[in-house]
Q: 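What follows is a structure written as structure tokens; I'll ask about it next.
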2 protein chains.
Amino acid sequence: MFSRSCEYAIKALIYVAQNTKDGKRVSIKEIAKGTDAPEHFVAKILQELSKKKMVMSIKGPNGGFYLEEGGKHVSLERIVKEIDGDGMFTNCVLGLKVCSEKTPCPVHLEYKEVKKNLIRMLENNTISDFNDKLDSGKFFLKNE
Amino acid sequence: MFSRSCEYAIKALIYVAQNTKDGKRVSIKEIAKGTDAPEHFVAKILQELSKKKMVMSIKGPNGGFYLEEGGKHVSLERIVKEIDGDGMFTNCVLGLKVCSEKTPCPVHLEYKEVKKNLIRMLENNTISDFNDKLDSGKFFLKNE
DNA sequence: AAATAAAAAGATATTAAGGTCTTTTTTTTC
DNA sequence: GAAAAAAAAGACCTTAATATCTTTTTATTT
């Protein structure tokens, strides 16, 4: 569904949100460990997100990553679009260059509904939502 | 959503279905041209599908590909599973090794619904359905 | 000011997907 | 039986995604 990079991005943002509630910051090393992601790879991804202000970063000792107030309300949709682009939102499911309401491919109508659901899910779920879920103890970010 | 290979596979099967109604056969060359796919690449994919009897093939002059009677009723789901595997059907959307009803990741519940829709679409749409749609003149496989 | 800790940036390596080219096998037709 | 047409098989190439390693920049602490 999403690229590996995108999975890392989502997990990293969730991790940052979870672990900087008290105004602390977390380092790439921590994030990588906490999300089972390769350190330098996730560093690249955080750089990107940081350029787009989806996460804040401070260099130097005691530096690290944290979220701005609004940062927790970033939706899955924004993360996915940032990392994987909007192909999933706009492209024909068969990869056809020409596929629209006027000239639909044979899968178009059926896929439209699925896509609508998918997009709604991506738009309506934010880092903050996931935060709450994890806090409730009923949801997990486990990898083994 | 699907891999390039999978897109080619779906389009190829549709093309074969559309063009062998009168007991004819179509060659890889024709299929590749007709679906804007690279010839040798689509050949590989058809070989795979052929091994799984999802399409029939005959060598030699006047040979080519065609579908068995039941062949038209193959669903998108079978094609996707054959080419891309069942990752889309079974994997956690965040790529977590541990994610289930008992230990759900924070996206699990929301994604479950989307996935249910997606799978239903894949199961309920067959080559034959697409065939009918294309025949109706209201659907297209256009690439420019 | 020096040492240190952290992210940023850049260079390089690895893997998997996508794609091409060549040879082999099978079948048909003449 | 020779020539030709087609798929099958295999070798190889290219590109993009993934991953790692090294250097640089920035900020902090002592």
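Worth saying up front: this structure is predicted, and the values here are computed from it rather than measured. Proteins come first, then strands; the chains are lettered A, B, ... in the order of their sequence lines, and each starts at number 1.
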Q: Is there a donor-acceptor pair under 3.5 Å between the side chain of B:Asp84 and the backbone N or O of B:Phe2?
A: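 Pair absent, no side-chain N/O of B:Asp84 close to backbone of B:Phe2.
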Q: A:Gln47 or A:Asn62: which one's nearest nucleotide on DNA chain C is closer to the 5' end?
A: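 The residue mapped nearer the 5' terminus is A:Asn62.
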Q: Ignoring the backbone of A:Ser27, work out which of D:dA9, C:dA6, D:dA7 is nearest its side chain.
A: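 Out of D:dA9, C:dA6, D:dA7, the nucleotide with an atom closest to A:Ser27's side chain is C:dA6.
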Q: Judged by each residue's nearest nucleotide on DNA chain D, which is more toward the 5′ side, A:Cys6 or B:Phe65?
A: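 The residue closer to the strand's 5' end, by nearest nucleotide, is B:Phe65.
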Q: What string of B, S and - do you get for nucleotides 19-27 of chain D 5' to 3' if you count protein non-hydrogen atoms under 4.0 Å?
A: BBBB--BBB
Q: Classify the nucleic acid contact of B:Val55 as base, sugar-phosphate or nothing, counting any heavy atom under 4.0 Å across all strands shown.
A: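 No contact.
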Q: Looking at side-chain heavy atoms only, is the closest gap between A:Asp135 and A:Lys21 below 4.5 Å?
A: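 A side-chain contact under 4.5 Å exists here.
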Q: Does B:Glu113 come within less than 4.0 Å of B:Lys116, counting only side-chain N to carboxylate O?
A: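 Looking at B:Glu113 and B:Lys116, the cut-off is met.
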Q: In whole angstrom, give the distance that lies between atom CD1 of B:Ile28 and atom P of C:dT26.
A: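 The distance from CD1 of B:Ile28 to P of C:dT26 comes to 16 Å, rounded to the nearest Å.
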Q: Measure from the side-chain N and O atoms of A:Gln18 to the backbone N and O of A:Asn131, and report whether any donor-acceptor pair falls under 3.5 Å.
A: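 A pair under 3.5 Å: yes.
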Q: Tell me whether A:Glu48 is salt-bridged to A:Lys51, with the criterion being a basic N under 4.0 Å from an acidic carboxylate O.
A: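 Salt bridge absent between A:Glu48 and A:Lys51.
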Q: When you check the phosphate oxygens OP1 and OP2 of D:dT18, does a side-chain N or O of A:Ser5 lie under 4.0 Å from one of them?
A: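 Checking D:dT18 against A:Ser5, a side-chain N or O does come within under 4.0 Å of OP1 or OP2.
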Q: With a cut-off of less than 4.0 Å, is there a side-chain N or O of A:Ser57 near OP1 or OP2 of C:dA8?
A: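 Yes, A:Ser57 has a side-chain N/O under 4.0 Å of OP1/OP2 on C:dA8.
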